[in-house]
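Note on naming: letters A, B, ... go to the chains in the order of the sequence lines (proteins, then strands), and numbering restarts at 1 for each one.
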2 protein chains.
Amino acid sequence: MSRQQRQALDEMLRHGPLDLGGEVAQQRALFHDMMTSIPLPSDVKTTEGELGGVPVVTVETSATDPAAVLLYLHGGAYVIGSAADAAGLAAEVSRRTGARAVCVDYRLAPEHPFPAAVDDALAVYRALLDDGTPSSAIAFVGESAGGGLVAATLVAAKDAGLPQPASATVFSPWVDLTVSGDSATSKTAVDASLTPEGLRTRARDYLGTTDPTTPHVSPVFADLTGLAPLFIQVGSYEILLDDAVRLAARAAEHDVHVELQVWPEVPHVFQAFAALLDEGAAALDAAGAFIRARWADDADTSGE
Amino acid sequence: MSRQQRQALDEMLRHGPLDLGGEVAQQRALFHDMMTSIPLPSDVKTTEGELGGVPVVTVETSATDPAAVLLYLHGGAYVIGSAADAAGLAAEVSRRTGARAVCVDYRLAPEHPFPAAVDDALAVYRALLDDGTPSSAIAFVGESAGGGLVAATLVAAKDAGLPQPASATVFSPWVDLTVSGDSATSKTAVDASLTPEGLRTRARDYLGTTDPTTPHVSPVFADLTGLAPLFIQVGSYEILLDDAVRLAARAAEHDVHVELQVWPEVPHVFQAFAALLDEGAAALDAAGAFIRARWADDADTSGE
């Protein structure tokens, strides 16, 4: 892995105009520009639609197998981002798993605070199940706030009596809206993308009057017993490092199969920069292998 | 993975005669009988020898490539166990990596307290390097106390100015001799092998007058900056669960590449029971893949 690549990306992020804690409409536009600055590969097809009353963008590649689905939840601190903005990264996961990605346009704060996002993600999952997709053919994937929303939706699905999907994969998940992990201070200098103040601003937008320790808001405080196998990736140059570590610790304590990968000296959701950074592509390969292995496990459950 | 297999193993361990905190000579004999109760596969060859003045047992399989070496550190709470006792598990790692395993018969407590074990492990590593084996062709592997000793030896190697090996893989590592992780209480009922009291007894044997928070004793308190990529596996039915999680957290904080796998509802060093438990073989496959990938990385470091 190239130190030069990491330094170039760090410079790019530090000098970019994105400020997660900034004015909402402006940051939404900037985020959209950033996430769509690289055109989608020519074999990627996106289709707008609706599932369970929620708008979605379905992302397919030439290798997509109709039997399996990724339920994909985008990042953006619950306030910015969109299903279309996530299409590039979702396509890379789709390509490595052979499954189409259903990217959910869950409602955003501050217009729609908690529990709108969880309600929308759960509604799409329920619609997939109601349409006849077996839970064992569905994998949840999400990045940043979308990773937190993946974990929250797994808990919400359990609480609603729905089956768990085959697996859940989260990139740099934000799972503690109290923003109280050690890395929120210890990694501030090396995090080129996020600030604790920015996260706290967006947490207030999402929470409204809700307690930040609510399990469906901050899954690091939830009972994770019975959750699907979890795959967690994070960079070590992130103020959210401890969110990933504590999610793994909590899942372990609750007897969930969990795998945590910490990639040194790379930034928040470094997988989105796979075109610029060897670690991004390698991490996506590992995530794809985990998702595929879980589908294979489910196809052979005679020993359970 | 089979619940029936897990339950049978749990019964076997709970009704077995091993008591880690028991009388030393008796427990050494019982541990030897348990670890050698299954004969080595016919293609496994063991050779007694010496490296750096320390006795070793070299374990080879038919697939062994002479270019690569596993430096293997056995378990037994620093007081029981031997290189020969570890041959069965070392052979399974050897088979999956194509490398011979050099199992170190480091001196045991209470006869030889800290730092005898670290000194011996480091002496063997230094002898391998002095013999012309490049550090990039060496992987450290260890289980239980041997996993703690792997981490301690990585730190000791750094402190001695030696290069790091290509990778380090630890199964259920004991890295906190203060025995203060949450799982030391929360997982007592489900741990079929170990008790906090047993660990504390053996910690006293190993420590003598040494402070248990000494970094070369309890690597969870060490500066891990610059360490080789770490691969950590642990069962969720272990009082040592938090040792594994905290080692991963510490390594992450210090910008080390670290991967943690938590396997639900399986016991301490479940990889040793691969013949009885699907999870054991699957975990060994994952460890072998990690070790091989690190060698491949080192062969292609042009981008560094």
Scanning both residues in full, the closest heavy-atom pair of B:Ser236 with A:Ala252 reads CB-O, 3.6 Å
Under 4.5 Å to a heavy atom of chain B? For A:Ser186 that would be side chain
dist A:Asp255:CG -> B:Lys187:NZ (nearest 0.5 Å) comes out at 3.5 Å
Honestly, the part of A:Gln233 sitting under 4.5 Å from a heavy atom of chain B is neither
Residue pair B:Glu253, A:Val262: steps toward the side chain to side chain contact (heavy atoms under 4.5 Å, CB included) verdict
CA-CA 9 Å; B:Glu253 165 72 14; A:Val262 182; over 6 Å; no
The side-chain hydrogen bond (donor to acceptor under 3.5 Å, both in side chains) partner of B:Gln261 among A:Gln261, A:His257, A:Glu259 is A:Glu259
task = Go through A:Arg246 and B:Val245 one step at a time and tell me if the side chain to side chain contact (heavy atoms under 4.5 Å, CB included) criterion holds.
result = CA-CA 9 Å; A:Arg246 287 179 298 154; B:Val245 169; over 6 Å; no
Under 4.5 Å to a heavy atom of chain B? For A:Val258 that would be both
